[in-house]
Amino acid sequence: MRIRKVGPEEAGLLAQMDQCCFSDNWKKEDWSSFLSMSQYDCCIAEEDNMSRGFLLTSTAADEGEVLKIGVLPDFRKNNLGILMLNKAFEEWKTAGVRSVFLEVRESNQPAQGLYKKQGFEKAGIRKNYYKNPAEHAVVYVRKI
């Protein structure tokens with residue numbers, strides 16, 4: 001498994017993967033916009049020259065945030081999410097990040113299980129945070 005950084009030139013690929021992973025997905029232009037800004041980093045997990053998952057993060061001062069993490073349905077339950085998160089934690093630690101935040105759909109129990117295994121703790125609820133379909137977000141935090 002190879003995890004590599006990507007930039008705005010791969011926004012189309014990320015939009016396609018996002019569409020396979022989420023009902024509330026971003027367009028190519030959205031991805032391109034995020035990846036053009038220096039506070040955002042994105043990586044793709046690949047095997048046999050096939051993209052299997054992605055992770056979009058941000059860093060500001062001593063805080064990190066997981067903005068999107070997705071693994072294509074056929075490749076879930078293979079620890080790809082853990083591999084990508086571990087790479088991000090290494091980079092955050094080097095950059096002096098002290099805590100990492102994320103939001104996840106209240107109904108997304110598999111993702112919440114992943115985050116708990118990675119040391120995240122529930123910090124609160126954001127009411128009606130998601131659209132398509134409307135749903136609350138559970139906020140998690142992890143100290144580094």
Side-chain angles (χ1 to χ4, degrees), residues 1 3-47 50-93 95-144:
M1 184 63 55
I3 298 174
R4 67 176 177 89
K5 294 258 187 184
V6 296
E9 67 282 354
E10 296 193 72
L13 171 62
L14 288 160
Q16 289 173 348
M17 292 173 64
D18 195 5
Q19 187 174 22
C20 292
C21 293
F22 300 106
S23 61
D24 193 9
N25 49 68
W26 297 350
K27 295 179 174 60
K28 178 181 177 181
E29 297 77 22
D30 301 322
W31 279 100
S32 184
S33 176
F34 272 97
L35 297 175
S36 297
M37 294 183 267
S38 63
Q39 71 266 34
Y40 298 101
D41 284 308
C42 189
C43 66
I44 289 179
E46 293 179 323
E47 191 167 49
M50 287 187 57
S51 299
R52 302 196 173 189
F54 62 89
L55 172 65
L56 177 67
T57 63
S58 70
T59 304
D62 65 348
E63 292 184 348
E65 183 176 5
V66 174
L67 292 146
K68 272 199 180 245
I69 182 170
V71 174
L72 296 175
D74 289 346
F75 304 106
R76 292 181 181 157
K77 298 185 180 181
N78 289 318
N79 294 321
L80 294 181
I82 290 171
L83 290 171
M84 292 185 292
L85 284 170
N86 284 342
K87 181 167 179 56
F89 284 126
E90 289 172 17
E91 292 176 8
W92 277 320
K93 190 172 185 178
V97 169
R98 297 173 54 136
S99 55
V100 177
F101 296 86
L102 61 84
E103 295 97 8
V104 60
R105 283 184 179 272
E106 197 170 43
S107 65
N108 192 343
Q109 295 302 312
Q112 290 186 51
L114 167 73
Y115 300 138
K116 289 175 187 174
K117 284 181 188 174
Q118 288 297 106
F120 283 91
E121 296 179 1
K122 186 175 174 180
I125 299 283
R126 290 195 174 145
K127 302 257 183 205
N128 303 312
Y129 182 79
Y130 290 104
K131 296 169 180 50
N132 191 25
E135 189 170 356
H136 301 325
V138 181
V139 179
Y140 282 92
V141 63
R142 176 184 162 177
K143 302 293 182 198
I144 295 183

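Throughout, numbering of the chain's residues begins at 1 and tracks the sequence.
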Got M37 and S33 here, is their nearest side-chain heavy-atom distance under 4.5 Å? yes
Counting C-beta onward and ignoring hydrogens, is there a side-chain heavy-atom pair between V141 and V100 closer than 4.5 Å? no
Heavy-atom donor-acceptor pair, [X] side chain to [Y] backbone, under 3.5 Å:
| X | Y | value |
| --- | --- | --- |
| E135 | E106 | yes |
| S23 | N132 | yes |
| D18 | W26 | yes |
| E103 | R126 | no |

Counting only heavy atoms from other residues, nucleotides and ligands, does the tally under 6.0 Å from CD of E47 exceed 12? yes
Counting neighbours of CZ on R4 that are heavy atoms of other residues, nucleotides or ligands and sit closer than 6.0 Å, is the number greater than 12? yes
Grab the two heavy atoms, one from [X] and one from [Y], that are nearest each other, plus how far apart they are.
| X | Y | answer |
| --- | --- | --- |
| K68 | D24 | NZ-O, 3.5 Å |
| C20 | R76 | O-NH2, 4.4 Å |
| L35 | V6 | CD2-O, 4.4 Å |
| N128 | H136 | N-ND1, 2.9 Å |
| R142 | G119 | CG-O, 3.6 Å |
| F22 | F54 | CE1-CZ, 3.9 Å |

Passes side-chain contact (heavy atoms from CB on, under 4.5 Å), V139 versus L102? Steps please. CA-CA 6 Å; V139 179; L102 61 84; over 6 Å; no
Please round to the nearest 0.5 Å and tell me the distance separating atom [atom1] of [X] and atom [atom2] of [Y].
| X | Y | atom1 | atom2 | value |
| --- | --- | --- | --- | --- |
| R52 | D74 | CZ | CG | 9.0 Å |
| E90 | I144 | CD | CD1 | 11.0 Å |
| L85 | I3 | CG | CD1 | 9.5 Å |
| D30 | L14 | CG | CG | 11.5 Å |
| M1 | N79 | CE | CG | 10.0 Å |
| I44 | M50 | CD1 | CE | 12.5 Å |

Given the rule in the side-chain contact (heavy atoms from CB on, under 4.5 Å) test, do L72 and C21 qualify, once you have shown the distances and angles that lead to the verdict? CA-CA 6 Å; L72 296 175; C21 293; 4.1 Å; yes
So, for F89 and W92, is the gap between ring centers shorter than 6.0 Å? yes
NZ/NE/NH1/NH2 to OD/OE distance under 4.0 Å, D41 and K5: yes
Mind running side-chain contact (heavy atoms from CB on, under 4.5 Å) on C42 and W31 for me, showing each step along the way? CA-CA 10 Å; C42 189; W31 279 100; 4.1 Å; yes
According to the side-chain hydrogen bond (donor to acceptor under 3.5 Å, both in side chains) rule, which pairs have a member within residues 109-123, sequence neighbours left out? N86-Q118, Q112-Y140
